[in-house]
Amino acid sequence: MAADVGVRDKRSNQLLFDQEEDEGEFERIRQSGRERLLELSKPKDIKIGYFTNVGPNVMWGTQEMLWPVNTNIQKASERVEQLATPKKDFSTTDSRGRPLFFYSCGRPSQIWEAPPRSLPEASQRVNNLANPKAFHPDYKEDRSQFFYSCGRNSPIWAVTKGAKSAGERTRTLQLAAHRNPVKEFQGARQIETIIPAPALSATASERLQALAAPKNRSEGPFREPTWPVTHSAMNATCKARSQELSRAKGTTDGYMLPKDEMWPISRAAKRATASGRVSELSKPVVRASMDHVQFNPDAFLVKETALKGVIPKRVFDLANPISR
């Protein structure tokens, strides 16, 4: 029994400890939830400044710096002033303003003729370098360089008399023969048709002349617009089936004919003038454009009289949805 009581006490103590931990955890969750709700309840910051304001507000067209210059760096060092000095212009009045066409193709500098006094004698090394590349000792130039025709890679040689009087060979004749066409090949036909002599001297028969003659067509009306009707056609009566088919289609029940009547306008209505109230109501509402309204902060505010207004009973009844 004593052991059972001790076990029960331990279990009860453990349950109390777990309940205290749970309550502490619940309180922590409630506190964090309140902080989260407070964070979410804050309105969003306006982000339009990120897109419209970049850097400090600077007036364009002035010589002011974007950011103020530190007073410690306003005075440049002697080296900086030396580097900031512009390069001296060594051009003379003769060379200044030369046209651009005086330069060679793609060269930034002019091609000038050097005076004789500025041309010293070349050294032995310069003369050796100026010599062109020599040909190979075994090279033999058998024909001149410009002996070729325009665009040809082979020279034009003169044919010898022995080659002109050489005899024909069987192999040469075989290579010179043209290629024979296939068996199904048909030559080009003659374009014009050759008329035989009997056809050229033949004469047309009477039947051909009659068929070749154009058709005679009379001018004017081909028949009279009116023609006599026979007595039997005048006294004829139609059948019952014809009368049934000729009957017009009737209208449905309840159809009402359109009113083609015209009501004359009275003289008083013609001479009537609109009252001041009607003239005032007929004037269109002039509203400002959105270009001007966007700069008015009170453009979309509701008036105090409209806020205090009361809806009439008739409008309230009309605003209720229809219950079906």
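Remember, it's a predicted structure, so these values are computed and weren't measured experimentally.
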Visitor: Do the side chains of His178 and Asn180 get nearer than 4.5 Å, heavy atoms only?
Guide: yes

Visitor: Taking Ser165 for its side chain and Lys161 for its backbone only, find out whether a donor-acceptor pair lies under 3.5 Å.
Guide: yes

Visitor: What's the separation between atom OG1 in Thr170 and atom CG in Leu175, rounded to the nearest 0.5 Å?
Guide: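 One finds 11.0 Å between OG1 of Thr170 and CG of Leu175.
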
Visitor: Flag yes if more than 12 heavy atoms outside Glu78 fall under 6.0 Å of its CD atom; otherwise flag no.
Guide: no

Visitor: With a cut-off of 6.0 Å (strictly less than), are more than 12 heavy atoms of other residues, nucleotides or ligands near CG of Leu129?
Guide: yes

Visitor: Look up atom OG in Ser266 and atom CZ in Arg271, then write down how far apart they are to the nearest 0.5 Å.
Guide: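 Interatomic distance, Ser266 OG to Arg271 CZ, rounded to 0.5 Å: 10.0 Å.
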
Visitor: With rounding to the nearest 0.5 Å, note down the distance linking CG in Asn127 to CD in Glu121.
Guide: 9.5 Å

Visitor: Output, in order, the C-alpha distance, side-chain angles, deciding distance and verdict of side chain to side chain contact (heavy atoms under 4.5 Å, CB included) for Thr230 and Met234.
Guide: CA-CA 6 Å; Thr230 60; Met234 291 181 182; over 6 Å; no

Visitor: Looking only at heavy atoms, what is the nearest atom pair of Leu173 and Glu168, with distance?
Guide: CD2-OE1, 3.4 Å

Visitor: Tell me whether Ser279 contacts the main-chain N or O of Ser275 through its side chain, where contact means a donor paired with an acceptor under 3.5 Å.
Guide: yes

Visitor: Can you measure from CG (Leu208) to CD (Glu206) and round to the nearest 0.5 angstrom?
Guide: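 Leu208 atom CG to Glu206 atom CD measures 10.5 Å (nearest 0.5 Å).
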
Visitor: Considering the options Thr305, Leu307, Leu301, which one meets the side-chain contact (heavy atoms from CB on, under 4.5 Å) requirement together with Lys303?
Guide: Thr305

Visitor: How many angstroms lie between CG in Leu245 and NZ in Lys239, if you round to the nearest 0.5 Å?
Guide: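 Leu245 atom CG to Lys239 atom NZ measures 11.5 Å (nearest 0.5 Å).
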
Visitor: Could you tell me whether Glu304 atom CD has more than 12 heavy atoms of other residues or ligands within 6.0 Å of it?
Guide: no

Visitor: To the nearest 0.5 Å, what is the distance between CD on Gln243 and OG1 on Thr237?
Guide: 8.5 Å

